[in-house]
Structures are given as C-alpha cells and as structure tokens.
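As structure tokens, the structure follows; a few thoughts come after it.
Keep in mind the model is a prediction, meaning the values are calculated, not measured. A, B, ... follow the sequence lines: proteins, then strands. Residue 1 opens every chain.
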Amino acid sequence: MKKRRMYFRMITASLMRRRSRMLAALLSIAIGATVLSGLVTIYYDVPKQLGAQFRNYGANMILTANDEKMSAAEVRKGTDCIDKEDLVGVAPYRYENVRINEFPVVAAATDLSGAQSTSPYWSVDGEWPSAGGELMVGANVAEKFRLKTGGDITVNFTPEDIETGDEPVADNSLNFKITGILDTGGSEEDYVYMSLEDLEALTGRAGNISIAELSVSADSEQLAAYAEKINKTVPAVSARLVKRVTASETTVLTKLQALVLLVTIVVLALTMICVATTMTAVVAERRKEIGLRKAIGASDKSIILEFVGESMLLGFLGGVLGTILGFVFAQEVSVNVFNSSISFRPLLIPITVIASIAVTAVSSLLPIRSATEVDPALVLKGE
Amino acid sequence: MFFRMIRGTLFRQWKKMLMIAFTIALGASLATAMLSVMLDVGDKVNQELKTYGANIKVVPKESSVLSELYEVQDGEASGAYLKEDELGKIKTIFWAFNIVDFAPFVNVNAELDDGTQAVVVGSWFNHHMELPTGEQLDAGIVSMRNWWDLTSGAWLDEQNQTNSNSAMIGQAIAEKQGLSVGDTFHVKGSAGDENFVVVGIFDAGGEEDDEIFVPLNAAQALSDLDGCIDSIEVSALTTPDNELAEKAAKDPSSLTVSQYETWYCTAYVSSICYQIQEVITDSVASPVRQVADSEGAILEKTQLLMVLITILSLIGAALGISNLVTASVMERSREIGLMKAIGAQNSSVSGLVLTEIFITAIVGGVAGFFAGFGFAQIIGRTVFGSSINMRPMVIPLVAVLVVLVTLLGSIPAVRMLLILRPTEVLHGR
C-alpha cells in the first residue's frame, strides 16, 4: 500500500516539477487525441450530413399508381412505411388541364411545403404560395402570357364528366394571385402550381394523385428496402427509385467517405509519429536521472515501470483533453460546413483515451529500454 | 569558425539532428499532402458529380419560345432544329477545357411492326472527335448516362462500323415487345424504315425505359432529318454561382464592362451557357437547375470540410515540430553554458543554434515535401483513381509554414539560452 502511494507520488511529482516540458508533451498528445476523436467523428458523420446535402438533387423515390388510381390516403399509407427521421419531404402531385386566357395549361397541385423540400433546387422569383388562392407559374407560362409576380389571374376549368344534357358546360373559374415565377431549367417551367385544396375547389371534385415524389435520406440499400416495404404494404401504389439520383449519390458519397477515411489515416499516422518523437525526446532528456537511480540501486524494472506509468498518466490526461477538443472541433466543422450539430459518440471517449495511452506508453518504452542499458557510472560522469 | 562549429554539430550530433529533421519532414509532408488534396478536391469532386449527367441543356430558340408545352400536348417536334455540323464548336468556346462531355439528341416517333408507337432517340454513344485544337475526345451517352443499369448485353460501340444498325432499348419496351439481346426488330419512321439489332437492354429508372436508343445518323434517316438535332446535353465543370453570376444570368447586358469580363472569364454555369449560345446558331442554352445548383452546394461543403481538416492537421504538425525543436535546444544547455563561460556573446550563440536548426529544417522540409506529394498521390489514386495535380501555390505555403513553425518553436529555446547562467549549468544545478 505504501509502495503504491510512493509510486504515484513519484509519477505526479515528476510531472509537476518539470511542468513546462511536460505541458509541451501533454499538448502534443492532446493534439494527437484531438485529431483522432475529431476526424473519426467527422468520418462517421459525413455520410449523414452530406447525404442531407445530396437531397438537394430532389426526389429519389417516386410513388405511382398501379392501376391509374391512387388516393391521398394511400400515398400517406406508403410514406408511413418510412422512418420519420429519414423522410425529408413528400410531394403528392395531381395534374389537371386548365385554361388561362382560353389557352390550355397543365396545372399541378401539390402539398406546397412538401414540394419545397423535395425540390430544393427550384429557383422561385418571388415567393412560394402559402395561402389558398395563390399561384406559382412556370417561367415558360409566365413568358407566354406575360405574367408578373403580384398580378391577378383567372384560371378556368371545364368539367368533363358531368352530365349536362345539351346545355353547354359551364366553366368553373377561380381567381388567383401570382406569388412567384418558377425557374428550373426543366419541363416544370410549363406548369402552374397551386395547392391541392385550390385545385379541388376549381375542379369541383377530389381527384386522384398522379404521382408522389419522395425525398428520403438513406443509402441505396435502405432505399430499396423502403421501396419493397411500400410495394408490399400498399398494393395500389408502386414505389420506384429515381435511379439517376440514387446511383450517382452512392458513387459520390462512397468516394467522399473514402477520402475522409484516407485523410484521417494519414493525419493520424503522422500525428502519432509526432507524439512518439516527442515522448522519445522527453525520455532521452532524462538519461542522467535514470543513471542516478540505477547508481543508488533501483532495478531496471522499477525504472521502466515508473517511466511508463508517468507517460501513461500523461497519455490519459492528453486523451481526455483531446476527446473534448476533438468533439469541439467536429462540432465546429459540422456547424460551419453543414449548419447542423453533430451527434456525440460516447464510445469514442474510451477509444481515444486508450489509444493515446497506448501510443505514449509504447513510444516511451523504447527509449527507456535503451536508457536503462546504460552504465550509471558513465552517465553520471557526464559522457 | 562559425561554419566549422555548425558542421561539427550537424555531424557529431547527427542522431539528434536527424530526429528533428524527421519530425519536420513529417510535419511538412502532412502539410503538403493536405494542402494539395484540399486544393484539388474541388476539381475531383466536380468530376465525380458529373455522374449526375448534364448540367446544361441546349435547345433551338423557337422551341424554347414556343415552350415544350407544345410538344407535351401533341407529341410532335416543334419544327426547329440545331445543326449537327456545329456540334464541334462547343469545344472551341472560352471554357472549352471545362466541357467534359456532350451528346446531341434527336427524337423520332416511329412505329414498330405490331403497330405500337415508340420513341426512337438518336444520339452519340462514344462518338470519336478530332478537334481543331488537335485534341481527341470520345463524347456521348456512355458516360452521360452512366446511371443506366445494363440488365443484359453491352453498351453500343459506335466506333465499331458493324454497329451502325444496332440499338439499345429500355427494359420496359423490351419486356413489352419480348425482345432480348441479339434480336432484330423493324422500325418504321415517317421517311424510312430500318432493321435494328438489340445489343443492350438498360434499366434507367425513368421515362427512358420506354425508348429505343440508336446512333444519331440512323435516327435522322428514319424521318429525313439529316444534319438536324433536337437538343444537346452538355456536362461542364462549373464554379458555384455567386451574386454576380445570378445577376448576369438574368441579363448579361446589365453588367458593367469589368463585371462582364469577370463573369465571362469565370466558369459560371451561366457564362458557359452564354458562350455556347454564341457558337451554336439560334440556340438557347440553359442550366439544368437540379444538377447545376446541387453541384455547387455539395462542392462548397466538401471544400470547406477539407479546409477545416487541413487546418487541424497543420496545427498538429506545427505543434509537433515546435515541441521537438524546443526540447532539442534545451537539452544542450550544458554545451551552451560552456560556450557562454568561455566568452561567447548571446547573439552569436543564438545565431549558431538558429542556423543549425534552420539547416536541419530545410533538409527535413524538402524531404517532407516530396514525401507529402507522394501521400497526396496515394490519396488521389485510391479515392478518385486519378493523380492529384500539384499546385505551385503549395510550395511557398509549406515553406512559410516550416520556417514560421521552426522559428516559433525556437523562441522558448532562445529565451532560455539568453537567461542561462553559465556557472549554474556547468556546476550541474
């Protein structure tokens, strides 16, 4: 018991007395540990965070009707198969032919906030419609009819399937306020967009959903699993993956993750070597002390034990410090780059601490070994 | 005498000096590798993002004014076409080097033997071009549709002459028509008919699954459209948009002369579009927002990520180096004390120590630079399958870093050296 107390006293005393040297060594160990915990956290978080960025490409899954009919409820049942956290957005679309100034135009009705999240790349000059009676028009339509944001417009719809006899069919018409002009570089520019409720009011009936776009944050395997699950649970709906988006996302994401992994390994290897050289220098400095101890009768084993214990204590402190700094670093990166906070991985604490203890212990072991082989008389004499 | 002493230290204490050089080399190699990767990662990721396909679409002016709506309504082409012989000009614009790939398309409505209507698309698969600049390029949908899954068969090889009557068909239409690889089918267009051999069946996960893809000339012959194309898809490396680019995209004439020059000479998607319109008669080139915008966002994030990781590793390298430099000087207090005791000036002792360290640092730094370059290449090869371009900018950056870090690392050492009292050191206290 006494012996152990003495041992700890010797270790801590040597750390305290040689404060500035040890602080420098501690700093380098802490930096090493920071790199380890920070980069590993980033490595694990990159796919998730970048995956969210890839959702900029828009929907990666579409739901279509199996037999021409798909109700909003069935779409909802389908989307319920996907974990809430993974589902970035759902936009069910219903298309109808309407008329503006007696010219036919395709009206797309959707859940507008859902469409905003499934198609983040849509560039809207003005605002997205938020209330009823508001309309967003595609750039081509706007050009054709010379429509401006803020203007008013009447949209007509001719009901087809209502029995009216010989009477001419009366048009349904509704007034809209144009809130924005849509520019996508695709065929969306030929449509006008409104909310599902408005289209229902305009057509006078609840229609079927033609297609639903889903933006799901998941890797390709998970996506395929979701698609299968939806196909199984909701027979009326057929879920398909947008291959162009999913296939490319997988390629790019794999490469990026490999890049971060490789960079982590290189940085880690180099910092570990830096820590090792620092420890070697720290030990080599103290050859004289070792010689003195040996001269007054200390065994090699006790010297090695003490020095290794000392460096392990150093490794432990550096590891703890590094874990904290590493998390702070990863958090900074995540906030700056991805605007979202990072999830803390408790498992990283023991891993980082143990790794830094192991590296410091091993890197001090080698120079101590060679130091203990020295003849004390020679060292003390100053040769 | 000064140099003899330095040489003496370097040779007699070579072990210690080697260790310092080694640490500096490690730090320098880390800095070199990270900086090279960081500076090149933008281009590399940009290349990877090309898998999303074209980010610019070129259509005839009339069709864009009449809008695609017209086509949607009756399924007929709008009657306006681009000229096939102008395609090569795309590779002559100011940003020609940034044009990675492009492919022309002509859509023909044709009838199959059983009376079903089908869309036949003529395009380039791996069209070989000899450019006026002497460059050679294989362009076409083999690389621009690389998300296609070939369910059976292979890509159509255009350079093989026997393939002029080959076709690739989508899996949906293949299923409906009961076609498989090697089968021959007959297609009747408005101006001609032809037999095609199926060489590949693909799963595109979209509308293209219902289409038939044939070489450009074969599709043109079907409806007498020699030299005409409907659209061009261009895949270009672009710089993420900023305010200037947004302003220019709306109306290039609203810019001042210097703004215009900056815009024109930057690879914004809008300036590349503008330049394409200049060389292709009566065309409208517009960015495919889905691809162009997302690319910008992802590129920016990746670069920022790499910058931050680089900063972290640079700090790590700097601390490692300065630590060791300090340690190595402190170790020599006895020697320095002796020098001071026999009358050496503070300035000459510091000069001696600093020179020694700098010589070591230069050796270590140069070695580390090349090692780091090697590391960067390993990263480039393993991750992207292509080598990392060396930016000249990295050399001064690493040099400044090494010098600065060594200098900072020697500050505590020199300070100690100045307050060192020879008697105490020599006495052994």
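- With a 4.5 angstrom heavy-atom cutoff, A/Leu259 touches chain B via backbone and side-chain atoms both.
- Per-residue counts of heavy-atom pairs under 4.5 Å with chain A were compared for B/Val288, B/Thr310, B/Ile379, B/Ile56; the largest is that of B/Ile379.
- In this structure, CZ on B/Phe375 lies 10.0 Å from CG on A/Leu262, to the nearest 0.5 angstrom.
- Within the 4.5 angstrom heavy-atom criterion, no atom of A/Asp125 approaches chain B.
- Interface remark: B/Val307 contributes no atoms to any contact with chain A (heavy atom separation under 4.5 Å).
- Here B/Lys301 is the residue among B/Met306, B/Lys301, B/Met34 with the most heavy-atom pairs under 4.5 Å with chain A.
- Heavy-atom contacts from other residues, nucleotides or ligands closer than 6.0 Å to OH of A/Tyr95 number more than 12.
- Of the listed residues B/Thr302, B/Thr382, B/Asp203, B/Val41, the one with more heavy-atom pairs under 4.5 angstrom with chain A than any other is B/Asp203.
- Paired with A/Val333 under the rule side chain to side chain contact (heavy atoms under 4.5 Å, CB included), one option of B/Ile309, B/Leu305, B/Ile311, B/Leu304 passes, and it is B/Leu305.
- Considering only heavy-atom pairs separated by less than 4.5 Å from chain B, the leading option among A/Asp183, A/Asn336, A/Leu261 is A/Asp183.
- Heavy-atom pairs under 4.5 Å with chain B were tallied for A/Val242, A/Leu241, A/Leu39; the largest tally goes to A/Leu39.
- The line from CD1 of A/Ile42 to CG of B/Leu308 is 7.5 Å long, rounded to the nearest 0.5 Å.
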